[in-house]
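Comments concern the structure below.
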Amino acid sequence: MLRDYAFQELSDFDREVYQMVVPQEHFLNGALAMLPWDEFSDVLVPYYSVDQGRPALKPVQMLKLEYLRYHYNLSDREVIKRAETDLAFRQFLQIPLRFPLPDASSLCVFRGRLGVEGFRKVFDRVVQTAREHGFVKDRLRIKDATHVIGKMAIPTALTLVAQTRDKLLDATESFAEVMVTGERVNLELLREATKKLAPNERLVTRLAQLSEMLVWVDQVTPPTDPDNDRLWQKFLNQRDLAHKILGDQEQPGSGDQTISTTDPDARRGKHGQFYNGYLVDLIVDADSAIITQLNVLPANGNEGFDAIELLEREQAAHGNRVQAISIDGAGYSGPLLRQLQDPTGLNVEAFVPVPAVGVDEKFTLEDFTFNAEENTFTCPAGVTSSSVSYSPENQTTRYRFRAKDCRECPLLKRCMSKPPATVGRTVCRSDYLAEHQQAKQKTKTAAYQAVRQEHPQVERKLGEVMNRHGGRHARYFGQAKVLIQETMAGMTTNVKRIVKLACAPIELQLTN
């Protein structure tokens, strides 16, 4: 519940002490002066009840405590403890010397109030402040992603299935107590019967048991008001997770494998080395080094196509039009390039590196002549392709040459590594050939070289978020909570940049 804050006003004595003790050049003085903190109330107040619940600390002060957590890389308890005695903290919070601070648990409640939506609005408001100061331009965005290590241990397949089963039974007990009791008796009998089996054999029996459980679990009768029943929603989540993990184990070669019941959103990915967790993906304004938008994906997420969502989110929040974007190798995708550069859509010029081709004398697609009317290719030796097939999955047309023609070709050694046995040379033509060729031609321009020289900015910015503000390791479970963490780390990085770009001496004006 919101309340009157008149008693929180700084007295003349408070102001005098702060000005005497806290150095004028202290960074928090700059952060207090350069950000319109009071204006954040417009974002925060809607997440509070006006007349229900216990009296709450001023929402802006809660946001400042969250900011201090990430700026100094502290925990909830540590930031409250330090704010009790650190006068720079108290001046930044704009609270009197003797004002009591809330319990550390209130920060957890605050994060729950705002959720992803609220923290994104806060992030966008900081970027808007940078735009109002004239720092952010729309000339070029630089995009990159890096890994976030998940906060969980990865169990074996046997342990994963056992954890899934146990959590499903716990969630189901409120709605089918008799069935759950019987299932637990069966479980004890199964444990006794299989305790001497090898782990892979035990896994087979556990999967069979989980599959049989789900047959009757799917028939559990819902409560009267299922949409507002928290226990029922928890049950549905556990049931869906059990189906997902069972499917993963039955088809181990499929992608998007769930690796933990503790954090079902986390995935296994590769960023240099294999890891378990998430990807944090962001775009940076090349002129100011301000992070203009940020997102979190599972470790196996498509970071290339996330460029579209990042640009759309930024432009929706600020009503601007980005002119160009620089992406690493993940951006060399025909569908992505087409969507980015669509004149009726984003209409953003894309700069992406082209995969390196091995240095040899083998003929490439450019050495073959395409006949659009007959839908054929002619090789450098003058032979025409004999068959054509289309792959909808890869959106690619394959043109094949006869093995006999290739074996007898005088240019064979310049075309293939060894003589063909049954099928001759195959040439693949993507539906997005025009986009790929345009990207290749662009790499030869001076504009491309200039953009690539600016690209390292985003790597330095990612390093700052990861290493200075706790972004490398997830503090929480779940993609949404990790997104809140990374959003705050990005906001903190932006505040630092805004203060640095201000340059002019700061005349601090303490406000109520």
Is the shortest side-chain heavy-atom distance between [X] and [Y] below 4.5 Å?
{"X": "H271", "Y": "T146", "result": "yes"}
{"X": "S430", "Y": "N394", "result": "no"}
{"X": "H71", "Y": "K496", "result": "yes"}
{"X": "I498", "Y": "I290", "result": "yes"}
{"X": "R398", "Y": "V388", "result": "no"}
{"X": "L282", "Y": "V458", "result": "yes"}
{"X": "Y332", "Y": "V354", "result": "yes"}

Taking [X] first and then [Y], would you say they form a salt bridge - that is, a charged N and a carboxylate O separated by under 4.0 Å?
{"X": "D285", "Y": "K137", "value": "no"}
{"X": "R111", "Y": "D76", "value": "yes"}
{"X": "E117", "Y": "R120", "value": "no"}

Using the six-membered ring wherever Trp is involved, compare the ring planes of [X] and [Y] and label them parallel, tilted or perpendicular (cut-offs 30° and 60°).
{"X": "F401", "Y": "F368", "value": "tilted"}
{"X": "F110", "Y": "F119", "value": "perpendicular"}
{"X": "Y399", "Y": "F370", "value": "perpendicular"}

Do we get [X] above [Y]'s six-membered ring, with its NZ or CZ under 6.0 Å from the centre and within 45° of the axis?
{"X": "K64", "Y": "F92", "answer": "yes"}
{"X": "K151", "Y": "F477", "answer": "yes"}
{"X": "R113", "Y": "Y48", "answer": "yes"}
{"X": "R313", "Y": "F123", "answer": "no"}

Check: Would one find more than 12 heavy atoms of other residues, nucleotides or ligands at under 6.0 Å from atom CD of Q273?
Finding: no
With a 3.5 Å distance limit and no angle check, can you tell me whether [X] reaches the backbone of [Y] through a side-chain donor-acceptor pair?
{"X": "T258", "Y": "S260", "answer": "no"}
{"X": "R268", "Y": "A299", "answer": "no"}
{"X": "Q479", "Y": "A266", "answer": "no"}
{"X": "H26", "Y": "L28", "answer": "yes"}
{"X": "Q485", "Y": "H473", "answer": "yes"}
{"X": "E464", "Y": "K461", "answer": "no"}

Will you find, in the side chains of [X] and [Y], an N or O donor that is under 3.5 Å from an N or O acceptor?
{"X": "D306", "Y": "N295", "answer": "yes"}
{"X": "N320", "Y": "E314", "answer": "yes"}
{"X": "T129", "Y": "R125", "answer": "yes"}
{"X": "R400", "Y": "S385", "answer": "no"}
{"X": "N29", "Y": "Q91", "answer": "yes"}

Margin query: Between H469 and Y72, is the ring centroid distance below 6.0 Å?
Written below: no
Check: How long is the gap from CG on L412 to CG on D405, to the nearest 0.5 Å?
Finding: 11.5 Å
Item checked: Distance in Å, K404 NZ paired with S386 OG, rounded so as to fall on 0.5 Å steps -> 12.5 Å
Margin query: Checking R321 against D138 for the salt bridge (charged side-chain N to carboxylate O under 4.0 Å, His left out) test, could you report, in this order, the C-alpha distance in whole Å, the side-chain angles of both residues, the deciding distance, and whether it holds?
Written below: CA-CA 7 Å; R321 297 294 295 180; D138 294 327; over 6 Å; no
Note to self: By the salt bridge (charged side-chain N to carboxylate O under 4.0 Å, His left out) test, which pairs, at least two apart or in different chains, include something from residues 286-300?
What the structure shows: R139-D287
Notebook entry, point to check: If you look only at pairs with a residue in residues 366-390, which of them pass as a salt bridge (charged side-chain N to carboxylate O under 4.0 Å, His left out), with sequence neighbours excluded?
Noted result: E366-K440
Margin query: Go through it in stages, so that I can follow the logic: the residues are K244 and D248, the test is salt bridge (charged side-chain N to carboxylate O under 4.0 Å, His left out), and I'd like the CA-CA distance, side-chain angles, deciding distance and then a yes or no.
Written below: CA-CA 6 Å; K244 174 68 168 59; D248 290 346; 2.9 Å; yes
Next item on the list: Let me know which of I259, D265, T261 forms a side chain to side chain contact (heavy atoms under 4.5 Å, CB included) with D263.
Entry: D265
Item checked: Sequence-distant partners of T422, side chain to side chain contact (heavy atoms under 4.5 Å, CB included), two or more places apart -> none
Note to self: Does K81 form a salt bridge (charged side-chain N to carboxylate O under 4.0 Å, His left out) with E78? I'd like the steps, not just the answer.
What the structure shows: CA-CA 5 Å; K81 188 72 174 178; E78 287 171 340; over 6 Å; no
